[in-house]
Undergrad: 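Let me give you the structure first, and then I'll get to my questions.
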Amino acid sequence: VSAPPRYYFRLNLYHRILHGMVIVSFLGLAVTGLPLKYAQTGWGAWLSHALGGPFTTGYMHRFFAIITFCYFALHLGYVARLILSGRRGIFWGPDSMVPQPRDLAQLVQHVRYFLGLGPRPRFGRWAYWEKFDYWAVFWGVSIIGASGLLLWFPTFFARYMPGWIFNVAIIVHGDEALLAVGFIFTVHFFNVHLRPEKFPMDPVIFTGRLEEEEFRREHPEEYERLLAEGRLEARRAEPPPLWLRNFSRVVGYSSLAIGIVLIWLIIATALR
Amino acid sequence: VSSARTALGTLLLLGAALSPVAGAAAQGKPAEPTPTAEDCLGCHADKDLKRSAPARGRPDSLFVDQTLLKSSPHARLQCVACHTTAMAPHDSPLPPVRCAGCHDKARAALSEGVHAGRAAAGRAPSPTCTTCHGTHEVRPAAALTVETCAACHRTQVQVYRGSVHGRSRQRGDLEAATCRSCHGPAHTVLARSNPRSPTYHLNLPRTCAQCHADPELAKRHNIPIANVYELYMDSIHGRAVSRSGLLVAANCSDCHGSHEIQRHTEADSRVFPANVPRTCSACHAGVLAAYAQSAHGRAAAKGLSTAPVCTDCHTAHQIRRVEGAPWQLDVIRECGSCHEESLRTYRDTFHGKVTALGLTRVAKCADCHGAHTILPASDPASSVSPAKLVTTCRQCHPGATAKFAEFHPHADPANKERFPRLYYSYLFMTALLVGTFGFFGLHTLLWLARSLIERLRRGRPGDETGGGS
């Protein structure tokens, strides 16, 4: 009866491949790292042995760490290429990832909306919580990556640094990992996939495109800006092919399941 | 009396048929009438009756106390039943009585044992039947006590009387071991060196197990370890004894002693904690030399009851190979039973986590601190002293430097005084976690509540346009 929904691109292939690397490496690091952090628990010991013991999980952990360093470098290269190509609005403006006064205002407005004190903010291309997720990866990879490298090559770094830095690295690496895992598997999962508007999953990170109706609902400011500037049609996309939708479901639900099981184990251990 | 004599005659005939010696004696003088007890007691009831010439190893008095005889199992026997060649009167001393005529089985058993063997080899003293059972006052086996053995084995019995077994017996504990419990029945008793002896080095564990493998017995006697035999047989000592037949491997008595055996709570026990190092050093002399110099050894020598001795780390009965992972991992927990704080902080490190997961390829307590040679870090000879620390780290980390060794393997981030840098790192991380989860936790809960409300209100969640597709 109604016309088939129109689709628009939100994320390009490069974005999606990089986020795919983030998913694989993040889950890999979590699955191989948490058993060591929780070595004293039954599930930690079980998982460690199921994956081949602490030395094997150690090798796997470093393998996923290399993927992390790769996507980090690839993203920095991507940003550098955008800058060199003369793209404007990377560091400021409606398409920028940099937090701006409008984000703080929208946060306040969003909370007021939660409390029933006002309308829902009209979000642009990147909502404030999406920007937070983005910068959290920057912060997390830097901190966990640096402390992880220290612990990976202790005798090398001990030539230049005092030994107590490794004590600090152990604390920082473990706690920051807990922060990252806890945040992604609860807050990020809820904000992006599990809240009632999106439940059970938003496949945009795999398909790269979203329906017009959702575009207007979730990113009204961007939609109207593109429409007004006549750039909307350039973002038009074919509906995602069946194989891509199936791929999204398999990878998406698997990732969600792994994350939810891990966070459930962490919370159960903390409450025990 | 006449019926008794008939019975005796039958018995004698039977004896004659069975025993060639007795038979020959009976046939030697067929014409003489056999004397009755009255005939014998005509002389032997005299308390002052003595030998004309003293005989070696036999009493001078020839008095026969009839009351003793009458209260013995032999009460119904005539004198000639034993003194088969006796005449009334007789001039020459009678030959020694041969019990074998009636007690053939006992005689046969005795010939297997060391007691008869000594007599056969002509070694003195060599016990005969009467040495243990007496003569006219003859006592059955059940009536014999350790006192019987004490006649010859005075020192051993004296030591035994002071032991836990001897003292328990004296208190009336009928389950406590006597000589026979360990050495076997008296007639067949064998020397400890005989491989068939129950006290032979390789047989002793089984002998002790007759009582000590019984958990009920252990319960009745407040023995703390009920499965001691099981533990021992599975230990390095027990396997060496039972599987390899090693005479140099410790059996029960090597540690506990034999006749002098005492509870481990008694100060004179060989297994009393303070005495354990000396007991073990009977075999492990080199270890004692190292241990005595260590912090643990010095504390134990001072009489500190909390100082660990050999058995605290190696256990008493379940002693395992120190090269094996099970022991190497368990002993970490054992160290931690005193050094709680150190174990807790060790578990925070990669070393501690890997060993918690059951692998030994990382540093365990003894890899850094040494085992028997353990010394406090303040001692220059300690493997963890500032001067030796780098060398110790290099055992596993060949590239370790002095700066590398500044890593604190037992750091406690909660200890602000000792580890301020860690404390503030930990505080910062905790604040970051609490802050982030607090803020976004609330944010998420509020959002969830609002989304659900919107969903109920509009039929479709969060739909600003109000329409559906």
Side-chain angles (χ1 to χ4, degrees), chain A residues 2 5 35-37 39-40 44-45 48-49 53-55 58 107 110-111 113-116 119-120 122 129 132 136 151 154-168 170-172 174-176 178-179 182-183 186-187 190-191 194-199 211 213 216-218 220, chain B residues 347-350 352-359 361-362 393-394 397-409 411 413 419 421-422 424-426 428-430 432-433 436-437 439-455 460-465 467-469:
Chain A
S2 57
L36 192 68
K37 183 167 179 65
Q40 309 254 55
S48 181
H49 289 298
F55 294 109
L107 165 63
H110 207 199
V111 174
Y113 162 72
F114 295 159
L115 300 171
R120 192 160 184 260
R122 293 171 57 75
W129 72 84
F132 187 91
L151 298 170
T155 44
F156 172 78
F157 286 107
R159 284 192 232 156
Y160 315 103
M161 293 174 182
W164 56 261
I165 205 86
F166 303 110
N167 287 110
V168 175
I170 290 174
I171 293 172
V172 167
D175 282 357
E176 183 66 34
L178 203 60
L179 176 63
F183 188 86
T186 58
V187 179
F190 174 82
N191 289 352
L194 301 177
R195 64 185 160 102
E197 299 90 328
K198 303 271 192 171
F199 191 86
E211 285 179 32
E213 177 271 323
R216 294 177 63 186
R217 170 160 52 85
E218 291 290 332
Chain B
R347 290 291 185 215
D348 286 342
T349 67
F350 183 70
K353 287 179 188 291
V354 171
T355 54
L357 288 169
L359 280 97
R361 218 181 76 193
V362 291
C393 295
R394 277 186 185 155
H397 304 275
T401 57
K403 276 183 170 173
F404 178 89
E406 282 172 29
F407 169 72
H408 207 296
F419 307 104
R421 293 183 189 105
L422 290 188
Y424 287 111
S425 304
Y426 182 68
F428 172 75
M429 292 310 299
T430 308
L432 187 66
L433 262 75
T436 309
F437 286 128
F439 179 82
F440 279 100
L442 195 64
H443 185 271
T444 298
L445 286 176
L446 290 175
W447 197 345
L448 179 63
R450 172 53 52 190
S451 290
L452 292 174
I453 290 167
E454 292 290 323
R455 192 188 176 88
R460 192 180 159 84
D463 192 342
E464 303 235 301
T465 59
S469 54

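Letters go in sequence order (proteins before strands), and every chain restarts at 1.
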Undergrad: Is chain A contacted by the side chain of Phe437(B), its backbone, both, or neither, given a heavy-atom distance below 4.5 Å?
TA: side chain
Undergrad: Please classify the contact between Leu359(B) and chain A as side chain, backbone, both or neither, with a heavy-atom cut-off of under 4.5 Å.
TA: side chain
Undergrad: Can you measure from NE2 (His408(B)) to CD1 (Ile170(A)) and round to the nearest 0.5 angstrom?
TA: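 The distance works out to 12.0 Å.
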Undergrad: At their closest point, which heavy atom of Leu452(B) faces which heavy atom of Pro196(A), and how far apart are they?
TA: CD2-CG, 3.9 Å
Undergrad: Check whether Thr444(B) gets within reach of chain A through its side chain, its backbone, both or neither, counting any heavy atom under 4.5 Å.
TA: both
Undergrad: Are Phe114(A) and His443(B) close enough that their ring centres sit under 6.0 Å apart?
TA: yes
Undergrad: Phe156(A), Tyr160(A), Trp129(A): which one forms the most heavy-atom pairs within less than 4.5 Å of chain B?
TA: Trp129(A)
Undergrad: Tell me the closest heavy-atom pair linking Arg450(B) and Tyr113(A), and the distance in Å.
TA: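 The answer is NE-O, 2.9 Å.
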Undergrad: Does any heavy atom of chain B fall under 4.5 Å from the side chain of Phe132(A), the backbone, both, or neither of them?
TA: side chain
Undergrad: Measuring from Ser451(B):OG to Lys198(A):NZ, what's the distance to the nearest 0.5 Å?
TA: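 Answer for the OG-NZ pair, Ser451(B) versus Lys198(A), is 11.0 Å.
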Undergrad: Which bit of Leu36(A) is near chain B, if near means a heavy-atom gap under 4.5 Å: side chain, backbone, both or neither?
TA: both
Undergrad: Might you work through the side chain to side chain contact (heavy atoms under 4.5 Å, CB included) test for Phe419(B) and Trp164(A), ending with a clear yes or no?
TA: CA-CA 9 Å; Phe419(B) 307 104; Trp164(A) 56 261; over 6 Å; no
Undergrad: Measuring heavy-atom distances to chain A, does Phe439(B) have an atom under 4.5 Å in its side chain, in its backbone, in both, or in neither?
TA: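 For Phe439(B), side-chain heavy atoms alone lie under 4.5 Å from chain A.
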Undergrad: Check step by step if side chain to side chain contact (heavy atoms under 4.5 Å, CB included) holds for Phe183(A) and Phe440(B).
TA: CA-CA 8 Å; Phe183(A) 188 86; Phe440(B) 279 100; 3.5 Å; yes
Undergrad: What part of Leu194(A) is in contact with chain B, defined as an atom under 4.5 angstrom from a non-hydrogen atom: side chain, backbone, both or neither?
TA: neither
Undergrad: When rounded to the nearest 0.5 angstrom, what is the spacing between CZ in Arg195(A) and CG in Leu448(B)?
TA: 11.0 Å
Undergrad: Can you name the closest pair of heavy atoms from Leu357(B) and Ala45(A) and give their distance?
TA: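 So the two residues come closest at CD2-CA, 3.4 Å.
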Undergrad: One pair to check against side chain to side chain contact (heavy atoms under 4.5 Å, CB included): Leu432(B) and Leu179(A). What are the steps and the verdict?
TA: CA-CA 8 Å; Leu432(B) 187 66; Leu179(A) 176 63; 3.7 Å; yes
Undergrad: Would you name the heavy atoms of Pro162(A) and Glu406(B) that are closest together and state the gap between them?
TA: CB-OE1, 3.3 Å
Undergrad: For the pair Asp175(A) (side chain) and Met429(B) (backbone), establish whether a donor and an acceptor sit closer than 3.5 Å, ignoring hydrogens and angles.
TA: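 Side chain of Asp175(A) to backbone of Met429(B): no pair is present.
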Undergrad: Taking the side chain as C-beta and beyond, is there a heavy-atom pair between Phe404(B) and Phe157(A) under 4.5 Å?
TA: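 Answer no - side chains too far apart.
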Undergrad: Considering non-hydrogen atoms only, spot the tightest contact between Thr155(A) and Gly399(B) and give its length.
TA: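 Scanning both residues completely, I find the closest heavy atoms to be CG2-C, 3.7 Å.
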Undergrad: Taking the side chain as everything from C-beta on, heavy atoms only, tell me whether Leu446(B) gets closer than 4.5 Å to Leu115(A).
TA: yes
Undergrad: Go through Val172(A) and Phe428(B) one step at a time and tell me if the side chain to side chain contact (heavy atoms under 4.5 Å, CB included) criterion holds.
TA: CA-CA 9 Å; Val172(A) 167; Phe428(B) 172 75; over 6 Å; no
Undergrad: Let me know if Ile165(A) has heavy atoms under 4.5 Å from chain B in its side chain, its backbone, both or neither.
TA: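 For Ile165(A), no heavy atom lies under 4.5 Å from chain B.
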Undergrad: Classify the angle between the aromatic ring planes of Phe350(B) and Phe55(A) as parallel (below 30°), tilted (30 to 60°) or perpendicular (above 60°).
TA: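 Plane angle over 60°, so perpendicular.
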Undergrad: Measure the OG1-CG distance between Thr430(B) and Leu178(A) for me, rounded to the nearest 0.5 Å.
TA: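 That separation rounds to 10.0 Å.
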Undergrad: Can you tell which of Gly116(A), Pro35(A), Gly58(A) has the highest number of heavy-atom pairs within less than 4.5 Å of chain B?
TA: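 It is Gly116(A).
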Undergrad: Quick one: pull up NZ in Lys353(B) and NZ in Lys37(A) and give me the separation to the nearest 0.5 Å.
TA: 6.5 Å
Undergrad: Does a side-chain heavy-atom distance below 4.5 Å link Tyr426(B) with Val168(A)?
TA: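 When only atoms from C-beta onward are counted, Val168(A) and Tyr426(B) do not touch, as no gap falls below 4.5 Å.
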Undergrad: Given side chains that start at C-beta, do those of Arg347(B) and Gln40(A) come closer than 4.5 Å, heavy atoms only?
TA: yes
